[in-house]
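Everything numeric here is computed off the predicted structure, so don't read it as measured data.
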Amino acid sequence: MTMQSVLVERPEIVRDVSRSTVIADVEKPLSMWERLYRVPLMRKGLILLVLAVIWEVYGRWLDNPLLFPPFSAMLQAFATDLADGIIPARTLVSLQTLVIGYAMGILLAALLTTVAIGSQIGTDLLETMTSMLNPLPAIALLPLALIWFGLGSGSVIFVLVHSVLWAIALNTHAGFRSVSNTLRMVGRNYGLGGLGLVRHILIPAAFPSILTGLKVGWAFAWRTLIAAELVFGVSSGSGGLGWYIFENRNQLETANVFAGLFTVILIGLVVENGVFATIERRTIRRWGMQH
Amino acid sequence: MTMQSVLVERPEIVRDVSRSTVIADVEKPLSMWERLYRVPLMRKGLILLVLAVIWEVYGRWLDNPLLFPPFSAMLQAFATDLADGIIPARTLVSLQTLVIGYAMGILLAALLTTVAIGSQIGTDLLETMTSMLNPLPAIALLPLALIWFGLGSGSVIFVLVHSVLWAIALNTHAGFRSVSNTLRMVGRNYGLGGLGLVRHILIPAAFPSILTGLKVGWAFAWRTLIAAELVFGVSSGSGGLGWYIFENRNQLETANVFAGLFTVILIGLVVENGVFATIERRTIRRWGMQH
Amino acid sequence: SGTLPTGPARAEAPEVHISKGYGILYLPMIVMEHEKLLEKQAKAAGLGDVKVGWLELDGGNIINDAMISGNLDIAAIGVPGFLTLWSKVKGNAKLEVSALAGLSATSLYLNTNNPNIKSLKDFTAKDKIALPGIKTSLSAVVLQMAVAKEFGDDNYAKLDPMTVGLPHPEAYTALVSGKTEVNSHLGSPPYSFMELESPQVHRVMNSVDVLGNISLDLVYAPKRFIDANPKLTAAFLAALEEADKLIADEPAQAATIYVQSAKAKLSADEVQRMITDPDTKFSTTPNGVMQFANFMGRVGSIKNKPSSWQDLFIANVHSLPGS
Amino acid sequence: MNRASPTVRSTGADAFSGSVAAPDPARPLLEVSGVTLQYKTADHLVTATYRVDFQVFKSDRYVLLGPSGCGKSTLLKAIGGYLEPVEGAIRLNGHEVTKPGPDRMMVFQEFDQLLPWKSVRENVMFALTTSGRATGAEAAERTDHYINKVGLAKFAHSFPHTLSGGMKQRVAIARGMAMEPDVLLMDEPYAALDALTRRRMQDELLRLWDDTKFTVLFVTHSIEEAIRVGTRILLLSPHPGQVKAELNSIPPEQLGTAAQAELEARINDMLFVH
Amino acid sequence: MNRASPTVRSTGADAFSGSVAAPDPARPLLEVSGVTLQYKTADHLVTATYRVDFQVFKSDRYVLLGPSGCGKSTLLKAIGGYLEPVEGAIRLNGHEVTKPGPDRMMVFQEFDQLLPWKSVRENVMFALTTSGRATGAEAAERTDHYINKVGLAKFAHSFPHTLSGGMKQRVAIARGMAMEPDVLLMDEPYAALDALTRRRMQDELLRLWDDTKFTVLFVTHSIEEAIRVGTRILLLSPHPGQVKAELNSIPPEQLGTAAQAELEARINDMLFVH
Ligand SMILES: Nc1ncnc2c1ncn2[C@@H]1O[C@H](COP(=O)(O)OP(=O)(O)OP(=O)(O)O)[C@@H](O)[C@H]1O
Ligand SMILES: Nc1ncnc2c1ncn2[C@@H]1O[C@H](COP(=O)(O)OP(=O)(O)OP(=O)(O)O)[C@@H](O)[C@H]1O
Ligand SMILES: [Mg+2]
Ligand SMILES: [Mg+2]
């Protein structure tokens, strides 16, 4: 019989699977280096070290401390102004404004995307507004900001919201629209609709996109804040990090300028690895939405 | 028998399904209004009209054309400078720089995310760089830009890349990481890996996220360009839209300032509805990835 | 210095990058560009066809940065901005800079739409004075100097808490429209003049009355450039003189040039009125630069103080009646 | 049209011989009449079902049987309220179905119907609490009961992405049953289950039915399962789906007898030959 | 350990009686020895299979049978090269499996295994061309051939999201077969198919096997299907999966006879009772 002829014949096997088998927890042994490599902080620390060394070497080679000081010079200025309490005070001022603007941006984005997901015209509204307003630079808002909020933090927050809102709204909306039809149907099956659907289904399901939006928004909030603190005259004395940078730049204290920027970098690292990474670990990574 | 007692009994039915049944193409009739409402351009046009009316009314009510001219005044200035060829010329200059910077940003983002998706340390590198550099305002790059590219479009492009790169990279990378394990496995089953996997599997699968990144990047490129054209100045007569806005601001031609911004808005609308919407329709909508 | 081998082919730089600013205070540079005066003078000095790249840059920071990074050869800048850089790089042979000549002097008006303000003494915490940049910009330093005159050196920063940073056009708009909390502005022409055309606005102070008709802007260059290009430097000075002369002799033509090259919407007549204003002076002779230097030295803004104005300027102009 | 009006049955493969029941026979719970369902895609129009009529009465275990792609899932989705018919109407208790709701709980065919951000237990519990079908202690109790029934007590705190395909489907079944809806719509719920588990689930369904007499609409591919689980079986023709026959199943005590084999053969013939 | 070494069979449920074949019996194509597979999740460690041994010889139609969640998919993924065993080794042609490749084509259990951005035809064709298994006209020809075989010629230009669950799986099957790999790994490929379509697919598989004598590893839930399709059947115990038995199936001519019923009963007993 040709069909069986190619088959290797062998005896049947029947085993007694004792349910009591103790199943050992097997783990592959790892080398020291592998174990260190597995700690994200170690890897990132290494990267930071390499970057700092590059900065230092390039700075020294350039030998133009007025334009680009080496890492060590910056660090010294940073340490001095940190000890003086100047940098912490300025950072605090900036962070306050930033957090308010950021939070308001998130709120407005939530509102806008909720409206957008609810109807076709809502989607059109969001798309149109975003494509129109998002490319506008802060100076476009200057006149309106002056009329509506006057000088000072009101206007800065207004500009911050502008820089945060659209990026978050775009990401959130795209995330919402990528949510699988099945999950949507499941939610509606529970009787959810409108806000309930957004809150219980769309937001968690689109969380990877939303997180990206929040990250991008956070970064742009910083950029805008630093720039806005210059444009929108801070009343002197009340300035934040942006003002600190500007002031030192005017006085050509370049090391201090970079110390200010370094503060921004540090905050960025802390927020990424402290806040965003934690959220990611507790949510999308845990839910199997990130690979 | 209790089990059957609750059941309604009824006769069996057997039908002759003739395969030749002509299946009519049934379509629900739509009212005129519904039909108009279905055309995206109509809806968006309506929204734009409403916004223009609000602008006009608010502008007139404010009655301060120096600060915020009504829509009609702006439109007049726009028409004049359009006819003069000033706005087209300036727009062209800006667009050239913009497109180069944008394209380079995309390229670098592609490179970075490809490296990032390839290994753990790559991911760390991207995450670290993004969280560090993304919040930095353009002035942080100024010294390096001046050293490396001098004054002029080289530096503007450098700054543009900075404003585009991170947002696109973040979105792309998050998109890559959200691609389902099954699709990844399918790709690897074909023998794809590294660049091949990125190109043939990850990019199309993460396309909704990538598109969002491109949109955000595009908007921020504009913002940055307008601001950067001021910082890096112009060699005689070669200014772009940013410079046009700056000039008119200095001359207190507020209507023209807004005409410049209006140009940015128009381009935003055209790009969104012409380019991005088309891409969306031909890709993710067609592929059932957007709902 | 100046010992570079001077072959006939490449005696001095074949190309020079110059930055001017935006506005009427840079008129001599605008005229120089428009009339190609530097090219003319360079040719006359036997330097052949020198290519001149003109740039428009806004703000002292970027000008200084561009200079330090070697992207500029000659630049016009506000006096305080120059002094800050000069003091900072003094002793660093690679980066040292020298002023070439004075550029312009004009009046800065402190205008307000608050009828209660008659003098500097009347400003209260509620008032906001707009300046292009607080504390360190040209206007800010001029205000501080005026305040120091009024209230004594120790109180030079008395009004600083009331200042806010706002570009001149926005400040003008704010003042004239009266819709915002900004009610005062230390402005330069044309904004300062235009503000006064509004019935609600009046002048509190004229900087010329308090500080004299001092130079607000000057022209400077890196020492290395000056040393390597003595003839070109001289040619530049000559071109500047010629531009100044043209402005003085033919104000109408200068105004037309300004309107043309700045694509200003102002009429030539208005411009002419501004440039012939008695407070506005275009001269290579620096005037009152030491006032700035002394003041900034006193309040600690600069660490290296020049002992005389000649310390700041190249030898070519030392013989002028500067101050 | 030869649509049957519900009367006391007298013909057919005499399977049910119990007494005639109480519910008003004139009023079906669910009435699908002349329903044509279509999908509009970018490229063309796909007709999924064409003028389908059938009626489901209270406590029916109604089975939809038909070849792959004939529109069973689409029909179920339309009844669930997710799709609007382009022709005809779907009525539940006499009211036209316009939107989804927890009275018609759906078990989808897809594996991604669990909320990935909720554990197995939370998935079931959340359905109960948000829909308001149960709250507090009752919800918790019902949740645990049904998770136990589908044999996933050990995995109650696992997230969906760590489950096998069959386990995911079992969670969806537990969720559907825990809701104790008026109509349970199940789209091939047991397709991913092994013979043993499948049998257990079928028995569970029948036991639950004995308790609560709920109505279920059940899509399956297996003729055997249709006969085991269903009281009435709708046969659909291939794409686009049209009603081919509506048959009565056999009572449980006849399972395994010649009656089953006979019905199986009959259905087989109807589906396979045309 | 009582692992069987492949010898000429002499015991067991005497089903195969053909002549002994040519291939070197000492060298299995695929050798799974002592394989333990685990998943590390954020919360805990899940052991999917524990010390599983078996050997697949060239041209085997090897069936994995076991309850839901016992680790069948996991095992298949490990053989596919996606998972590394924490214990034991998987060898293909004597070489340890380290990464996936087109020599082991996989048909996954999930419905989302088609590339959504490619039409049905492109999905199959792309697999052939990127993996280099076929190019140009040959690829096109093979593609059309297999799409036809699974009955989707009419839908060749549809995108996956417009297909029903069963249709998606059929595309995946067509893709897997078109690749004509050394080993075809199929994870419940027919679960979403109706009885008729399923039978057709099974026949298609057997016909193809007759032509090319490829090796296939097949996960199924249906004992009947295991017997129909398989030449050798591996029974796994519930979670975590361990080898319970490895049986020979019956030759096709004995299908429908008492031999089949007997084997079915035997497997049933082994799986259901322990
Ligand atoms: N989203 C969609 N867009 C367009 N066409 C679709 C869509 N979903 C299903 N179809 C088409 O509708 C028809 C019926 O699909 P449906 O999913 O209802 O079939 P089914 O009977 O459930 O099949 P299966 O048993 O394979 O699940 C098919 O031809 C399919 O191609
Ligand atoms: N990604 C994962 N992370 C953690 N655990 C997993 C993962 N995938 C599967 N498991 C676990 O591994 C075990 C075996 O899963 P597997 O998918 O291999 O089962 P299966 O035999 O294919 O079941 P089914 O027949 O239901 O598909 C299960 O207990 C499951 O919970
Ligand atoms: Mg279906
Ligand atoms: Mg499985």
* Asked: With only heavy atoms counted, which part of B/L66 is less than 4.5 Å from chain C, the side chain, the backbone, both or neither?
  -> both

* Part of B/L67 lying under 4.5 Å from any heavy atom of chain C ->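 For B/L67, heavy atoms of backbone and side chain both lie under 4.5 Å from chain C.
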
[X] [atom1]: over 12 foreign heavy atoms closer than 6.0 Å:
X	atom1	answer
B/M104	CE	no
C/K90	NZ	no
B/E56	CD	yes
B/D84	CG	yes
C/K51	NZ	no

For [X] and [Y], work out which heavy atoms get closest and say how close.
X	Y	answer
B/Q251	C/Y191	N-OH, 4.3 Å
B/L252	C/P169	CD2-O, 3.6 Å
C/Y22	B/E247	OH-O, 3.6 Å

* Asked: If you count heavy-atom pairs under 4.5 Å with chain B, which of C/H17, C/H168, C/E170 comes out on top?
  ->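 Option with the top pair count is C/E170.
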
* Interatomic spacing from CG in C/N61 to CD1 in B/I139 - rounded to 0.5 Å ->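 Output value for this atom pair is 8.5 Å.
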
* State the OG-CG distance between C/S69 and B/L144, to the nearest 0.5 angstrom. =>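 Reported to 0.5 Å precision, the distance equals 10.5 Å.
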
* Backbone N or O of B/L146 within a donor-acceptor pair of the C/N71 side chain at under 3.5 Å? -> yes

* To do: Determine yes or no for a side-chain-to-main-chain donor-acceptor pair under 3.5 angstrom, with C/Y172 supplying the side chain and B/N250 the backbone.
  =>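 Pair absent, no side-chain N/O of C/Y172 close to backbone of B/N250.
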
* Asked: Tell me, side chain or backbone of C/L72 under 4.5 Å from chain B's heavy atoms, or both, or neither?
  ->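 The side chain, not the backbone.
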
